[in-house]
Asker: 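Encoded as structure tokens, here's the structure I'll be asking about.
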Amino acid sequence: MADSPNNLAHEHPSLEHYWMPFTANRQFKASPRLLAQAEGMYYTDINGNKVLDSTAGLWCCNAGHGRREISEAVSKQIREMDYAPSFQMGHPIAFELAERLTELSPEGLNKVFFTNSGSESVDTALKMALCYHRANGQASRTRFIGREMGYHGVGFGGISVGGLSNNRKAFSGQLLQGVDHLPHTLDIQHAAFSRGLPSLGAEKAEVLEQLVTLHGAENIAAVIVEPMSGSAGVILPPQGYLKRLREITKKHGILLIFDEVITAFGRVGAAFASQRWGVIPDIITTAKAINNGAIPMGAVFVQDFIHDTCMQGPTELIEFFHGYTYSGHPVAAAAALATLSIYQNEQLFERSFELERYFEEAVHSLKGLPNVIDIRNTGLVAGFQLTPNSQGVGKRGYSVFEHCFHQGTLVRATGDIIAMSPPLIVEKHHIDQMVNSLSDAIQAVG
């Protein structure tokens, strides 16, 4: 039996030794926010306070927290076999999971390579693109094209094709060579407060033609974009933009990679954003919600022709010199299989789509509040852009985040952008509560 909130109140560990990721460590440790339990739509902090989760953890707990189906599957698997090597060996559950995943994936993406995170999925996808072109007799195709404000994890490959300056500038001397970036698609001046995909901005995809002209198609391996830029603050693709990228890449024999680490598994109203918006790429990267955030895991989905082209040479030789110790980890795979069953049995992808309109009306009700300059939404995700205050960029956003937390709602702050991405089990009254909490915080912070 889990500890009651009363038993959690004294559990305050030393904060000295843990160097926290993507955190202002000194600021946090001066006023820590420590979570101790989670169930359904709520966290409980170490003081016993309930906190409504409007972020699905970190974009990953799409089925809500504390799912017994997942914990029982994990417990069963770890008793039967805690670990099995995946180099020159295998175990049935990884193959079963790959098959189950391809039942959900867009047409043609029938091969799956397992990783342990979104960062690893991205680096894997970039290597796959190079492997394919080399095996296809076009080894000169080594250049990658990313996009401004894109986030593709924190590996050197991911930050090279990514476009968030804070992630890149300290490591600029060690980034991959031969990388260009498309312009981002955020246009507050002309498309603020759009509901769903903005109607303006598809022409920004034409910059890809200019880069092809500059470098030559024969030198470009792949274009990688997030269908929706989540970590940059919920930046949506303009209507027709992704379709145009697909047309240009096909025309020039360039692979198109969709980074769906955030959007996959129901976030935007379908299993994959590529299905919701009717554009099928060559490679899709995933992680996060693949097993509801229970155990680190990711997967890269690959078009058959890429996989088949790489299967060359003597059959006894390794075709792709890449992989991870924990690729297809049996316990992570068990969690993923249980998660996929929840998604299917409770029709959570469909639920995301069905609640979209209610969610949209709720979030756009904050238009007109002080310092709210844009609201963006699709599926069950929304971004609220605030004007910076006189103390600097990110100060207002952090104050709103902190106010929400102390009032019992967890939101995500990226600079002066607040993001909401609740678990797909969310009810209308939860949506009302999280939006009201954010409204109160914005007005309180001023």
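Just so you know, these numbers come straight off a predicted model, no measurement behind them. The analysis underlying the following values was restricted to heavy atoms, covering all of them including side chains, and did not include hydrogens, waters or symmetry mates.
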Asker: Would you say the side chains of Arg267 and Asn62 form a donor-acceptor pair under 3.5 Å?
Answerer: yes
Asker: Apply side-chain contact (heavy atoms from CB on, under 4.5 Å) to residues Arg412 and Thr414 and explain how you reach the verdict.
Answerer: CA-CA 7 Å; Arg412 175 163 169 75; Thr414 302; 3.9 Å; yes
Asker: For the residue pair Thr115 and Ser121, confirm or rule out a side-chain donor-acceptor distance under 3.5 Å.
Answerer: yes
Asker: Quick check: are there more than 12 heavy atoms from other residues, nucleotides or ligands sitting under 6.0 Å from CD of Glu39?
Answerer: no
Asker: With a cut-off of 6.0 Å (strictly less than), are more than 12 heavy atoms of other residues, nucleotides or ligands near CD of Gln88?
Answerer: no
Asker: Any non-hydrogen side-chain atom of Glu96 less than 4.5 Å from a side-chain atom of Glu99?
Answerer: no
Asker: Can you give me the closest heavy-atom contact between Ala289 and Ala264, atom names plus distance?
Answerer: CB-O, 4.2 Å
Asker: Can a donor-acceptor pair be found between the side chains of Gln385 and Arg376 at a distance below 3.5 Å?
Answerer: yes
Asker: Do other residues, nucleotides or ligands put more than 12 heavy atoms under 6.0 Å from Lys29 NZ?
Answerer: yes
Asker: Take Glu360 and Arg357 through the salt bridge (charged side-chain N to carboxylate O under 4.0 Å, His left out) test and state the conclusion after the steps.
Answerer: CA-CA 5 Å; Glu360 179 176 89; Arg357 182 58 59 86; 3.6 Å; yes
Asker: Can you confirm whether more than 12 heavy atoms, excluding those of Phe305, are under 6.0 Å from its CZ atom?
Answerer: yes
Asker: With the side chain counted from C-beta on, respond yes when Pro32 and Leu15 share a heavy-atom pair under 4.5 Å apart, and no when they do not.
Answerer: yes
Asker: Between Ser54 and Met420, is there a donor-acceptor pair closer than 3.5 Å when you use the side chain of the first and the backbone of the second?
Answerer: no
Asker: Distance-only, no hydrogens or angles: does the Arg168 side chain make a donor-acceptor pair with backbone N or O of Gly163 under 3.5 Å?
Answerer: no
Asker: Using 0.5 Å steps for rounding, measure from the CD1 atom of Ile306 to the SG atom of Cys131.
Answerer: 10.0 Å
Asker: So does Tyr42 get a backbone contact from the side chain of Asp53, meaning a donor-acceptor N/O pair under 3.5 Å?
Answerer: no
Asker: Name the orientation class of the two ring planes belonging to His329 and Tyr326 (parallel below 30°, tilted from 30 to 60°, perpendicular beyond 60°).
Answerer: tilted
Asker: Take Phe258 and Phe272, measure what ring pair (Phe, Tyr, Trp, His ring centres under 6.0 Å) needs, and give me the verdict at the end.
Answerer: CA-CA 10 Å; Phe258 276 1; Phe272 294 85; over 10 Å; no
Asker: Assess whether ring pair (Phe, Tyr, Trp, His ring centres under 6.0 Å) is satisfied between Phe320 and Phe113, documenting all intermediate values.
Answerer: CA-CA 11 Å; Phe320 185 41; Phe113 192 103; 5.8 Å; yes
Asker: Ser75 and side-chain hydrogen bond (donor to acceptor under 3.5 Å, both in side chains): which partner among Glu72, Arg79, Gln77?
Answerer: Arg79
Asker: Has the side chain of Thr309 got a donor or acceptor atom that lies under 3.5 Å from a matching backbone atom of Ala135?
Answerer: no
Asker: What's the verdict on side-chain contact (heavy atoms from CB on, under 4.5 Å) for His17 and Trp19, showing C-alpha distance, side-chain angles and the deciding distance?
Answerer: CA-CA 6 Å; His17 305 287; Trp19 188 345; over 6 Å; no
Asker: Is there a side-chain contact between Val234 and Ser229 in this structure, where contact means two heavy atoms from C-beta onward sitting under 4.5 Å apart?
Answerer: no
Asker: Could you pull out every donor-acceptor pair under 3.5 Å between side chains of residues 293-300 and any protein atom, sequence neighbours left out?
Answerer:
none

Asker: Is the shortest heavy-atom distance from the side chain of Ile425 to the side chain of Leu348 under 4.5 Å?
Answerer: yes
Asker: Rounded to the nearest 0.5 Å, how far does CD of Gln303 lie from CG of Leu255?
Answerer: 9.5 Å
Asker: If only atom types and distance count, is the side chain of His91 paired as donor or acceptor with the main-chain N or O of Gly328 below 3.5 Å?
Answerer: yes
Asker: Which label fits His65 and Tyr43: parallel for a plane angle under 30°, tilted from 30 to 60°, or perpendicular past 60°?
Answerer: tilted
Asker: Work out which heavy atom in Ala125 is nearest to a heavy atom in Thr285; give both atom names and the distance.
Answerer: CB-CG2, 3.7 Å
Asker: One pair to check against salt bridge (charged side-chain N to carboxylate O under 4.0 Å, His left out): Lys76 and Glu80. What are the steps and the verdict?
Answerer: CA-CA 6 Å; Lys76 178 176 181 291; Glu80 291 180 355; 2.8 Å; yes
Asker: State, with a plain yes or no, whether a side-chain heavy atom of Thr409 is found less than 4.5 Å away from one of Val411.
Answerer: yes
Asker: More than 12 heavy atoms of other residues, nucleotides or ligands under 6.0 Å from CZ of Phe171: yes or no?
Answerer: no
Asker: Is it the case that the side chain of Gln275 and the backbone of Leu104 share a donor-acceptor pair, with hydrogens and angles ignored and the cut-off at 3.5 Å?
Answerer: yes
Asker: Do the side chain of Arg276 and the main chain of Val268 share a donor and acceptor less than 3.5 angstrom apart?
Answerer: yes
Asker: Apply side-chain contact (heavy atoms from CB on, under 4.5 Å) to residues Glu203 and Arg244 and explain how you reach the verdict.
Answerer: CA-CA 8 Å; Glu203 72 281 354; Arg244 186 61 184 135; over 6 Å; no
Asker: Begin from the C-alpha positions of Glu402 and Arg33 and carry the test side-chain contact (heavy atoms from CB on, under 4.5 Å) through to its verdict.
Answerer: CA-CA 9 Å; Glu402 200 169 36; Arg33 296 169 295 277; 3.9 Å; yes
Asker: Under 4.5 Å between any side-chain heavy atoms of Val393 and Asp416, yes or no?
Answerer: yes
Asker: Any chance you could measure Ile224, atom CD1, to Arg147, atom CZ, to the nearest 0.5 Å?
Answerer: 10.5 Å
Asker: For Glu209 and His252, run side-chain hydrogen bond (donor to acceptor under 3.5 Å, both in side chains): C-alpha distance rounded to whole Å, both residues' side-chain angles, the deciding distance at 0.1 Å, then the answer.
Answerer: CA-CA 9 Å; Glu209 284 282 18; His252 296 291; 3.0 Å; yes
Asker: Taking atom CD as the centre, does Gln312 end up with more than 12 heavy-atom neighbours from other residues, nucleotides or ligands that are less than 6.0 angstrom away?
Answerer: yes
Asker: In Å and rounded to the nearest 0.5 Å, what is the OH to OG distance from Tyr151 to Ser231?
Answerer: 5.5 Å
Asker: Is any side-chain heavy atom of Asp282 closer than 4.5 Å to one of Arg246?
Answerer: yes
Asker: If you measure only the distance, is there a donor-acceptor pair under 3.5 Å linking the side chains of Ser71 and Arg67?
Answerer: no
Asker: Measure from the side-chain N and O atoms of Thr263 to the backbone N and O of Met228, and report whether any donor-acceptor pair falls under 3.5 Å.
Answerer: no
Asker: Under a 3.5 Å cutoff, is there a donor and acceptor pairing between the side chains of Asp187 and His190?
Answerer: yes
Asker: Give the ring-plane orientation class for Tyr343 versus Phe265, where under 30° counts as parallel, over 60° as perpendicular and anything between as tilted.
Answerer: parallel
Asker: Rounded to the nearest 0.5 Å, how far apart are CD1 of Ile262 and CH2 of Trp59?
Answerer: 4.5 Å
Asker: Are any side-chain N or O atoms of His133 and backbone N or O atoms of Ser140, one a donor and one an acceptor, separated by less than 3.5 Å?
Answerer: no
Asker: Report the distance from atom CG of Leu424 to atom CD1 of Ile342, rounding to the nearest 0.5 Å.
Answerer: 11.5 Å
Asker: Does CD belonging to Glu218 count more than 12 external heavy atoms closer than 6.0 Å?
Answerer: yes
Asker: Kindly say whether Gly379 contributes a backbone atom to a donor-acceptor pair with the side chain of Asn377 at under 3.5 angstrom?
Answerer: no
Asker: Answer yes or no: is there a side-chain heavy-atom contact under 4.5 Å between Tyr241 and Thr185?
Answerer: yes
Asker: Check this for me: Gln177, atom CD, are more than 12 non-hydrogen atoms of other residues, nucleotides or ligands nearer than 6.0 Å?
Answerer: no
Asker: Would you check if there is a donor-acceptor pair between the side chains of Asn291 and Thr339 at a distance under 3.5 Å?
Answerer: no
